[in-house]
2 protein chains.
Amino acid sequence: MPREIDRRAARTRKALHHALLTLMLQKGYEALSVQDIIDEADVGRSTFYAHYTGKEDLLRSGFQMLREELREAQSTAREKAGVPHDDPLGFSATMFEHAARYADHYRTMIGGRGGAVTENEIRLILSEVVRQELSSTLQDDAIPRDFVVQFIVGAFLTALNWWFERKPGLPPSTVDAMFKSLVLDGLSSFSGGRRSGDHPTTNRGAHRSNLKDRG
Amino acid sequence: MPREIDRRAARTRKALHHALLTLMLQKGYEALSVQDIIDEADVGRSTFYAHYTGKEDLLRSGFQMLREELREAQSTAREKAGVPHDDPLGFSATMFEHAARYADHYRTMIGGRGGAVTENEIRLILSEVVRQELSSTLQDDAIPRDFVVQFIVGAFLTALNWWFERKPGLPPSTVDAMFKSLVLDGLSSFSGGRRSGDHPTTNRGAHRSNLKDRG
DNA sequence: AAGATTCCGGACAGAGGGTGCATTATCATA
DNA sequence: TATGATAATGCACCCTCTGTCCGGAATCTT
């Protein structure tokens, strides 16, 4: 009996995903209709609804694959990095570089043109990553864990969006440095009088030079 | 000649805005159709299109009024507060209390049910406020001004959303304290070993006790 | 090679979006 | 207060999109 997916079905889904991505790069997600997608993919109407319940389902299906991919990339990156238990933002450098490679796609997904579903899905994926990074570093529960996770994810998306919209030419390492500076030290690091910036208990003063080693 | 808006038009627009707000509280923005709005407002179809180009235009029009209102509230709150030039987050306390008063509306606008347009509009309004607060406090340009503004706005919206979704019972002062702690000091304030928390150059260690004076 | 299964695509009804035109209410003026 | 001018209103129309159904075709198993 055929356990694997039918080749026709696989071909159709692939075509639909490709069409969705292509059209999202052109028109964004919200402005997209199922008609456009099946027209671009050259697929029949009921074929689409046989596979997905709508364009939102198709989008989520795509993110499902991305989720697996990212999870794997994170775990391998973790094994590579020597000090995973001391840096609550270990994910950011990898993510910024990944974003630089697939700038068009990231820009589409995040810059508002991706729609609420896309942004929410990305937030969920990032939340998982950050929660795992955070579980081994933070002990203080003065601020609820969830709040901190959402704070970091929001700051990361903000950085990413600002990068694409305002300074696309900047290297990922620079954006990563700014992101880490704000998230780790907040506004205190450069609001009026500035402190020297050395902290004996943590190594957060070293993220600027760390980036040069990786890049 | 009639310089003021016709009473009929005013009545219609008021009814439409009210209907939009009512229906958004029930079904959210995306799920809303123009048909629903004009049905709720008891207005004819072309009447709607005579005033607005679509439901997005109606939404923006509503935010325009909110923008004016907020701008005014901010300026008066500034005159009241004695030390406007030393606190880059002076807006937050007022906003959190305002959000607590109109919790249902804020929840609708921000919690994803408001749609991308709503969130973007809110971001724009908040950006103006934060930019103005920031212009008198920050001097260092190690990180671009826009980036910092977006960072603060994003963190504020994150805090607001987390508050509504996870801990609706918390008083605004507590959420404000957590928000300020993260934005001003970042994760450093409670990642593993914690410092004493006094800074001679700024007064950012005092926001917890400040809130009790205001509340 | 042939039956069974699954997929594909054109057709159909239902709903919502945006526009034009005749009717009606409101405003300014004598 | 009456009247012409102006502006808002509501109904009807056409178009596009959505979601579903059924006949035809391709694929898999034996």
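All values derive from a computational prediction rather than experimental measurement. Letters A, B, ... mirror the listed sequences (proteins, then strands); counts begin at 1.
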- Query: Among L58(B), T12(B), D57(B), which one satisfies side-chain contact (heavy atoms from CB on, under 4.5 Å) with F48(B)?
  - Reply: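 Only one of L58(B), T12(B), D57(B) forms a side-chain contact (heavy atoms from CB on, under 4.5 Å) with F48(B), namely L58(B).
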Give the rounded distance in Å between these two atoms: [atom1] of [X] and [atom2] of [N].
| X | N | atom1 | atom2 | result |
| --- | --- | --- | --- | --- |
| R11(A) | dT6(C) | CZ | P | 20 Å |
| D36(A) | dT18(D) | CG | C1' | 13 Å |
| L58(B) | dG17(C) | CG | P | 13 Å |
| I38(A) | dT16(D) | CD1 | P | 15 Å |
| K14(B) | dA8(D) | NZ | P | 18 Å |
| R8(A) | dC28(D) | CZ | C1' | 8 Å |
| D57(A) | dT18(D) | CG | C1' | 15 Å |
| R13(B) | dA7(D) | CZ | C1' | 12 Å |

- Would you call the rings of F147(A) and W162(B) parallel, tilted or perpendicular if under 30° counts as parallel and over 60° as perpendicular?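 It falls in the perpendicular class, over 60°.
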- Parallel, tilted or perpendicular, as decided by the 30° and 60° cut-offs, for the rings of Y106(B) and F164(B):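 Tilted, since the angle between the ring planes falls between 30° and 60°.
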- At under 4.0 Å between heavy atoms, what does Q35(B) touch on the DNA or RNA strands: base, sugar-phosphate, or nothing?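 The residue Q35(B) makes sugar-phosphate contact but no base contact.
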Is any side-chain N or O of [X] closer than 4.0 Å to OP1 or OP2 of [N]?
| X | N | value |
| --- | --- | --- |
| H51(B) | dT9(D) | yes |
| Y49(B) | dT19(C) | no |
| T47(B) | dG10(D) | yes |

- Pair K180(B) + D185(B), salt bridge at N-O below 4.0 Å: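 Looking at K180(B) and D185(B), the cut-off is not met.
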- Task: Answer with yes or no whether S46(B) presents, from its side chain, a donor or acceptor under 3.5 Å of a partner atom in the base of dG20(C).
- Result: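 Indeed, a donor on one side and an acceptor on the other fall under 3.5 Å apart.
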- Task: Would you kindly check whether a donor in the side chain of R45(B) faces an acceptor in the base of dG17(C), or vice versa, at under 3.5 angstrom?
- Result: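 By the distance-only test, yes, there is a pair.
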- Message: Atom NE2 of residue position H18(A) - does it have more than 12 heavy atoms of other residues, nucleotides or ligands inside 6.0 Å?
- Response: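 No - once you tally the heavy atoms of other residues, nucleotides and ligands closer than 6.0 Å, there are 12 at most.
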